Amino acid sequence: MKQDYLAALNEPQREGVINTDGPCMLIAGAGSGKTRVLTYRMAHLVQEKKVDPFRIMALTFTNKAAAEMRGRIEKVIGNEARNLMMGTFHSVFARILRTEADKLGYPGHFTIYDADDSKSLLKNLVKELGLDPETYKPNVVFNRICAAKNRLIGWEEYTGNPIYLADDSEHRRPEIGRIYRAYSLRCFQSGAMDFEDLLFNTNKLFNEHLDTLNKYQHRLQYVMVDEFQDTNFSQYLIIRKLSAVSQNVCVVGDDAQSIYGFRGADISNILNFEKDYPDLKIIKLEQNYRSTKTIVEAANSVIEKNTAQIQKNVWTDNNQGQQIELIKASTDNEEGRLVASSIFEEKMQKQLHYSEFVILYRTNSQSRAMEEALRRMNIKYRIVGGLSFYQRKEVKDLLAYLRFSLNPQDEASFRRIINYPKRGIGDATVDKITVAAYDHGIPIWTVLQKVSSFISGRAAAPAEDFAAKISNFKITIETKDAFEAASEIAKSSGILRDLYEDKTVEGLSRYENVQELLNAIKEFAETPEREDKTLSAFLQEAALLTGQDENKDNDPDKVTLMTIHMAKGLEFSHVYVVGMEEDLFPSQMMLSSRADLEEERRLFYVAITRAQQKLFLTYATSRYRYGRLKNCEPSRFLKDIDKSLIHVNTKFNVFEPEAPKEYAKSFVSSLRKSASPPVSSHKPSADFRPDNTDLLQEGMKVEHSKFGFGKVLLIENFGNDRKASIEFETIGMKTLLLSFAKLKIHTQ
DNA sequence: CCTGATGTCCTTTTT
DNA sequence: GGACATCAGG
């Protein structure tokens with residue numbers, strides 16, 4: 001076995017595998033086989049050095065990366081791989097915190113708040129503190145608090161140090177410290193940790209309980225970190241502490257692919273690692289096995305514009321390959337069509353599978369135009385990321401019931417379900433209950449149990465019913481297994497009935513989603529290898545899951561769509577990077593500082609280096625943004641690539657007229673008059689606009705979308721066999737659209 | 001206190 | 001084009 005894997009490696013790769021002791025940093029260029037090195041390194045430790053897998057920790061940034069690595073190692077070392085301590089930072093330390101929670105005063109089944117939970121809690125807090133919701137928007141406050149936590153600044157230090165107050169005052173938001181304090185206390189009382197807390201509290205645990213730190217330090221002989229360039233300060237300190245005794249820390253990363261600065265990732269971790277570990281061994285993996293020469297050259301020419309980076313020379317032995325294809329479109333919709341037809345053409349010409357294509361974009365919202373075009377051409381696709389299953393309202397609602405029944409201190413969950421399904425309890429009552437809880441310093445649940453002594457009036461009865469329900473649920477959870485308990489709660493809470501009564505298309509899919517969640521719980525509880533099959537364990541895992549591995553897709557032959565961020569670590573034969581426009585990529589919000597712009601450039605570098613065979617870059621000259629058609633300039637990044645590497649494709653370009661807005665308006669007003677009943681009361685709003693132009697059939701029709709509403713199309717002839725249609729979309733005017741639907745019946 | 005209609009704001013990336 | 005706020009009427 002040893003011969004096998006070592007023989008297939010190049011010199012620096014081999015060194016990365018066998019050089020297991022002492023601090024080590026692998027600088028791994030894109031496509032240089034770093035996952036392979038990490039996998040073999042672990043296999044080497046277990047098989048050659050006879051290290052107990054239990055004493056190896058491997059940290060990644062995504063669940064997907066963790067799962068993939070586990071799978072690969074399993075192939076080499078078999079079942080033992082199961083004992084490796086491997087996963088994302090958040091999941092590994094959530095697990096540790098769960099067993100050590102009492103040391104920090106948290107319940108073992110503490111709730112994990114996602115960003116939405118945190119923000120809605122913050123919103124309520126700002127209101128309670130009587131602060132201006134405009135200056136203290138949840139987003140702003142939340143980001144500030146996260147940044148502090150990532151730098152390991154607790155609220156005590158934050159409120160105690162005048163530097164932070166001065167900084168906040170300068171930005172005219174001096175009360176952030178107060179909010180931070182209230183938020184932290186509230187989370188603690190709710191028995192809840194947000195994502196940042198998982199790391200912050202791990203640090204706290206290790207700082208305040210040296211015996212605990214000691215336990216892990218001695219247990220863990222080897223610590224490995226993948227995507228090290230994405231670690232923030234808080235994560236870095238955890239790594240350093242855990243490896244302080246063994247000194248066997250191996251970090252793998254590529255400074256050129258550091259793209260999570262917004263989450264606190266600090267590129268200086270990688271640039272300064274040497275200072276913290278003077279006898280650090282640095283190994284550079286510079287040979288790219290993934291891409292053609294063209295792609296590697298393009299990537300290098302882009303990244304060399306950056307100033308902050310480690311010197312390295314990424315090269316390849318592969319063929320020169322095809323030129324990069326630059327596709328120009330007139331609108332975002334046309335961009336979609338061009339990409340779709342290009343994919344179709346390439347697939348046919350080269351006999352490829354759809355699974356070999358990926359469409360990468362900067363923002364999730366760009367997927368819509370792509371999806372529509374792919375659907376229209378009957379090209380199968382899969383979206384990775386975006387709104388996660390676990391972020392859907394109906395899913396979160398049921399989860400909130402489960403969470404609250406398990407942890408009845410949890411305020412965020414309480415607020416979610418107290419009046420869902422509707423039971424006649426409004427904001428006034430909710431406020432009374434929470435205020436009572438915090439005034440008396442008791443958990444919400446205690447108030448609820450004696451709700452009649454706090455609440456009077458017509459909300460008292462339903463509140464008591466609610467309390468009774470929850471106490472039943474608590475018993476259910478204790479006496480039944482995870483799946484049965486969850487099913488019963490879904491039923492008795494009224495969620496299933498409420499959704500079942502909704503016969504709309506969305507209602508149906510919501511109902512299915514809840515069923516799907518129950519299935520997931522069932523599957524979770526029926527996995528034989530799983531140690532902890534409780535509902536509590538499921539909730540913890542679900543909280544850290546993102547829109548990734550949840551696609552149990554049995555048809556693998558699909559085009560993949562995702563953001564560039566999600567694509568890190570992956571590779572595809574044909575890659576389309578769409579929306580190469582100034583202000584979009586690089587993002588408008590990243591233009592203010594040089595560091596930000598460099599991060600965007602690294603993002604572009606990541607996008608390019610996903611490609612094995614052929615790279616396509618596309619942009620549109622106009623695009624809908626802020627609800628308006630806006631002209632776009634090609635991205636500055638395009639200029640960074642040597643012209644000789646690019647082939648400009650114009651063959652697809654088709655004539656497409658711009659939507660004649662005034663004409664559309666008068667058309668709409670005439671429709672409004674002729675609708676039955678006439679829609680006269682509504683004033684034309686600024687939001688009402690003629691939308692995309694499109695090449696479609698002749699005549700006017702109302703298209704019903706999957707949302708049960710529709711679009712109005714007017715098709716016009718522009719001569720030379722060129723027809724264009726105007727598509728009217730309405731925003732905030734669903735009533736009007738329903739009238740249009742009626743109109744269709746009249747005109748038939 | 002609920003519901004439905006309308007208005008307003010946002011809009012980068014993710015564990 | 002969605003989430004949320006707000007207002008009127010029930």
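Within every chain, numbering begins at 1; the chains are lettered A, B, ... in the order of the sequence lines, protein sequences first and strands thereafter. Only a predicted model underlies this, so the values are computations on that prediction, with no experimental measurement involved. Side chains are part of it too, since the values below use all heavy atoms of this structure and drop only hydrogens, waters and symmetry mates.
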Chemist: Can you tell me which nucleotide in B:dT14, B:dT13, B:dT15 comes closest to the side chain of A:Tyr260?
Modeler: B:dT14
Chemist: Given atom CG of A:Leu591 and atom P of B:dT11, what is their separation to the nearest angstrom?
Modeler: 16 Å
Chemist: Tell me, please, which residues at least two apart from A:Asp266 pass salt bridge (Lys or Arg N to Asp or Glu O under 4.0 Å).
Modeler: none
Chemist: Write down the distance between CG (A:Leu122) and P (C:dC4), rounded to a whole number of angstrom.
Modeler: 14 Å
Chemist: Answer with base, sugar-phosphate or nothing: what part of the nucleic acid does A:Phe89 contact at a heavy-atom distance below 4.0 Å?
Modeler: nothing
Chemist: Rounded to the nearest angstrom, tell me the gap between atom CG in A:Asn139 and atom P in B:dC9.
Modeler: 16 Å
Chemist: Under the rule for salt bridge (Lys or Arg N to Asp or Glu O under 4.0 Å), what residues qualify as partners of A:Lys568, not counting sequence neighbours?
Modeler: A:Glu227, A:Asp230
Chemist: Check this one for me: any side-chain N or O of A:Lys137 less than 4.0 Å away from OP1 or OP2 of B:dC10?
Modeler: yes
Chemist: What's the CZ-P distance between A:Arg623 and B:dT11, to the nearest Å?
Modeler: 18 Å
Chemist: Can you name the residues that form a side-chain hydrogen bond (donor to acceptor under 3.5 Å, both in side chains) with A:Arg602, not counting sequence neighbours?
Modeler: none
Chemist: So, using salt bridge (Lys or Arg N to Asp or Glu O under 4.0 Å) as the criterion, who are the partners of A:Asp397 when residues are at least two apart?
Modeler: A:Lys393, A:Arg416
Chemist: Check whether any side-chain N or O of A:Thr563 sits under 4.0 Å from OP1 or OP2 of B:dT14, and answer yes or no.
Modeler: yes
Chemist: Grab the OH-C1' distance between A:Tyr390 and B:dT14 for me, whole Å please.
Modeler: 17 Å
Chemist: Could you point out which residue of A:Asp254, A:Asp255, A:Val251, A:Thr231 forms a side-chain contact (heavy atoms from CB on, under 4.5 Å) with A:Ile270?
Modeler: A:Asp255
Chemist: Figure out the CG/P separation between A:Leu597 and B:dT13, and round it to whole Å.
Modeler: 18 Å
Chemist: Can you confirm whether A:Met562 sits close enough to A:Ile383 that some side-chain heavy atom of one is under 4.5 Å from a side-chain heavy atom of the other?
Modeler: no
Chemist: Can you tell me the distance, in whole Å, between the CG atom of A:Asp230 and the P atom of B:dT13?
Modeler: 16 Å
Chemist: With sequence neighbours excluded, tell me which residues meet side-chain hydrogen bond (donor to acceptor under 3.5 Å, both in side chains) with A:Asp226.
Modeler: A:Lys34
Chemist: Anything under 3.5 Å between a protein N or O and an N or O of nucleotides 1-3 of chain B, put it in a table, one pair a line.
Modeler:
residue	atom	partner	partner atom	Å
B:dC1	OP1	A:Thr429	OG1	2.7
B:dC2	OP1	A:Asn419	OD1	3.4
B:dC2	OP1	A:Asn419	ND2	2.7
B:dT3	OP2	A:Lys422	NZ	3.4

Chemist: Under 3.5 Å, which protein N or O atoms sit close to an N or O of nucleotides 5-10 of chain C? Give each pair with its distance.
Modeler:
residue	atom	partner	partner atom	Å
C:dA5	OP1	A:Lys123	NZ	2.9

Chemist: Are the side chain of A:Asp194 and the backbone N or O of A:Asp197 linked by a donor-acceptor pair below 3.5 Å?
Modeler: yes
Chemist: Could you list all the ring pair (Phe, Tyr, Trp, His ring centres under 6.0 Å) pairs where at least one residue sits in residues 117-145 of chain A, not counting sequence neighbours?
Modeler: none
Chemist: Side chain of A:Arg368: nearest nucleotide among B:dT13, C:dG1, B:dT15?
Modeler: C:dG1
Chemist: Between A:Asn364 and B:dT13, is there a contact of a side-chain N or O with OP1 or OP2 at under 4.0 Å?
Modeler: yes
Chemist: Considering residues at least two apart in sequence or located in another chain, which fulfil the salt bridge (Lys or Arg N to Asp or Glu O under 4.0 Å) criterion with A:Arg173?
Modeler: A:Asp168
Chemist: Nearest-Å distance, CD (A:Glu227) to C1' (B:dT15)?
Modeler: 13 Å
Chemist: Has A:Phe61 got its ring stacked on the base of B:dT15, with centres under 5.5 Å and planes less than 30° apart?
Modeler: no
